[in-house]
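Since the structure comes first, as structure tokens, the remarks are kept for the end.
Being a predicted model, the structure only gives us computed values, none of them experimental.
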Amino acid sequence: MSDTIGVIGLGNAGSSLCKALSGRVPLIGFDLSEARRNAVSGLDITCVDSAADVAARAGRIILSLPKPEASLAVVDAVLAAGHRPEIVIETSTVTPKTAIDAHRRCKAAGVGFVDAAIAGGVASMAAAKITFFLGGDPEDVAKARPVLDLLAERIFELGPIGAGMGAKVVNNGVMHAVMVVLIEAFAMSTKLGVPVQTMIDILNREEGLMRPLVHRVQERMVQGDYNAGMSVSNARKDSVLALETAQQLGVPLFATLAAHTPYEIAEAKGMGDLDYAALAQLWEDWSAVSFQNG
């Protein structure tokens, strides 16, 4: 296997990965954009003219591309080249299905493939302090790890192909939904005269924003323990008070309003005396999953 690492896609993420690798390993890169190729000219990297050229010269290839269709097109171009790499490492943000499709194509051609979703910004990428969410067959993960270890501060090996991208999609979905809830909350608290930093300090306590994750998900949902605690009925009441307060203040709510509906459903199902983490049972029923001992 060639020691050269190829990076296809030299945008913000790809160029940051190149910065982390520059001078440490033989490095080649490709991007359709001449401006992006020129932007990495100060690094210890050789830019080539096509994805096929990367495949011909690099035994290990990192993909950092803008959309799923681009990833699949590049995988096809790499596999069509005369010389195929040993491993393709997908770091672009794509769907789990895209990762599975790309893996299937690579496996048929005798090329390894893993999905290694990135958690972290461009600064941590350039500093080789990335967190990876990694999915793939064990033999492919073993091929990818020497490359990922050059870039990572932490790697979560999550199991089958698609698991890495799935974890990132879920993670990002949570972050983006919570952002809307926080904006709504700070609109309310600001109208109430509470300074923004004070509200940050309130939510940043151990009993604040992390409480639902650590106590209710980790300690209750995983154990299936919904006895005692703050009841669904009380949580529903507090949610109603938040909605009423927002209405009185003239603050529109979207995420918070939507989040209230499961409390009404749980109350109607006779779950009122259970800890409000018992809302998880609704999703266990709706989605045919079990959170216990997960």
Side-chain angles (χ1 to χ4, degrees), residues 93 95-96 117 119 131 133 156 158 163 165-294:
T93 300
T95 63
T131 294
F133 303 145
F156 289 91
L158 299 173
M165 291 300 159
K168 180 167 185 178
V169 168
V170 171
N171 178 78
N172 287 5
V174 170
M175 296 302 103
H176 301 159
V178 168
M179 190 68 241
V180 177
V181 171
L182 288 173
I183 292 168
E184 293 175 353
F186 278 89
M188 292 174 64
S189 62
T190 299
K191 277 217 163 187
L192 289 166
V194 179
V196 170
Q197 186 58 53
T198 300
M199 201 68 220
I200 291 171
D201 293 340
I202 289 170
L203 291 173
N204 198 34
R205 297 171 304 127
E206 183 178 341
E207 295 291 310
L209 197 56
M210 290 297 292
R211 177 73 172 172
L213 177 64
V214 174
H215 176 59
R216 293 205 147 72
V217 176
Q218 184 172 308
E219 297 177 9
R220 287 193 174 272
M221 283 172 54
V222 173
Q223 301 300 322
D225 177 12
Y226 303 122
N227 294 317
M230 183 174 185
S231 69
V232 167
S233 293
N234 280 337
R236 173 189 169 277
K237 178 261 297 179
D238 286 355
S239 181
V240 168
L241 294 178
L243 299 182
E244 290 178 352
T245 300
Q247 186 176 38
Q248 293 162 5
L249 293 171
V251 174
L253 299 182
F254 300 93
T256 307
L257 178 60
H260 176 75
T261 302
Y263 290 94
E264 296 290 352
I265 295 171
E267 185 80 13
K269 284 181 170 287
M271 299 166 62
D273 291 337
L274 299 177
D275 183 272
Y276 73 92
L279 266 63
Q281 293 178 329
L282 299 177
W283 272 265
E284 288 183 318
D285 183 35
W286 295 332
S287 306
V289 299
S290 174
F291 299 121
Q292 293 183 37
N293 301 314

#### Entry: Atom of Ala280, atom of Phe291 and distance for their closest heavy-atom approach
O-CE1, 3.5 Å
#### Entry: Nearest-0.5 Å distance that lies between atom OG1 in Thr95 and atom CE in Met165
9.0 Å
### Summary
Distance col, row Leu209:CG vs Leu182:CG, nearest 0.5 angstrom, shows 6.0 Å
### Task
Would you mind listing every salt bridge (Lys or Arg N to Asp or Glu O under 4.0 Å) that reaches into residues 259-273, with sequence neighbours excluded?
Arg236-Glu264
### Query
Is the shortest heavy-atom distance from the side chain of Met210 to the side chain of Asn204 under 4.5 Å?
no
### Message
Can you give me the closest heavy-atom contact between Ala235 and Tyr263, atom names plus distance?
### Response
CB-CE2, 3.6 Å
### Query
Is the backbone of Asp275 close enough, under 3.5 Å, to the side chain of Arg216 for a donor and an acceptor to pair up by distance?
no
### Query
Should Asp225 and Glu219 count as side-chain neighbours, where that means a heavy-atom distance under 4.5 Å?
no
### Query
Heavy-atom distance under 4.5 Å between the side chains of Val289 and Trp283, does that happen here?
no
#### Entry: Residue pair Gln281 / Asp285, side-chain donor-acceptor N/O under 3.5 Å
no
### Task
Taking all heavy atoms of Ala258 and all of Pro262, pick out the closest pair and write down the distance.
O-CD, 3.6 Å
### Query
Within a reach of under 6.0 Å around CD of Glu206, are more than 12 heavy atoms found that belong to other residues, nucleotides or ligands?
no
Under 3.5 Å, sequence neighbours excluded: what are the donor-acceptor pairs made by side chains of residues 238-253?
{"from": "Ser239", "atom 1": "OG", "to": "His260", "atom 2": "ND1", "distance (Å)": "2.7"}
{"from": "Thr245", "atom 1": "OG1", "to": "Leu241", "atom 2": "O", "distance (Å)": "2.8"}

### Task
With rounding to the nearest 0.5 Å, note down the distance linking CD1 in Ile183 to CE in Met188.
14.5 Å
### Query
Residues in ring-ring contact (aromatic ring centres under 6.0 Å, His included) with Phe133, at least two apart?
Phe156
### Message
Could you check whether any side-chain heavy atom of Tyr276 comes within less than 4.5 Å of a side-chain heavy atom of Ser233, counting everything from C-beta outward?
### Response
no
### Task
Please round to the nearest 0.5 Å and tell me the distance separating atom CG of Asn171 and atom OG1 of Thr131.
10.0 Å
### Pairs involving residues 184-196, ordered by first then second residue, that meet side chain to side chain donor-acceptor pair (under 3.5 Å) (sequence neighbours left out)
Glu184-Thr256
### Task
Would you please name every residue forming a side chain to side chain contact (heavy atoms under 4.5 Å, CB included) with Ala185, sequence neighbours left out?
none
#### Entry: Least distance between heavy atoms, Ser231 atom then Gly272 atom
CB-O, 3.2 Å
### Task
Determine the minimum heavy-atom distance between Glu284 and Ser290, stating which atoms define it.
OE2-CA, 3.5 Å
### Query
Can any side-chain N or O of Gln292 pair as donor or acceptor with the backbone N or O of Met221 at less than 3.5 Å?
no
#### Entry: Set of residues satisfying side chain to side chain contact (heavy atoms under 4.5 Å, CB included) with respect to Glu207, sequence neighbours excluded
Arg205, Arg211
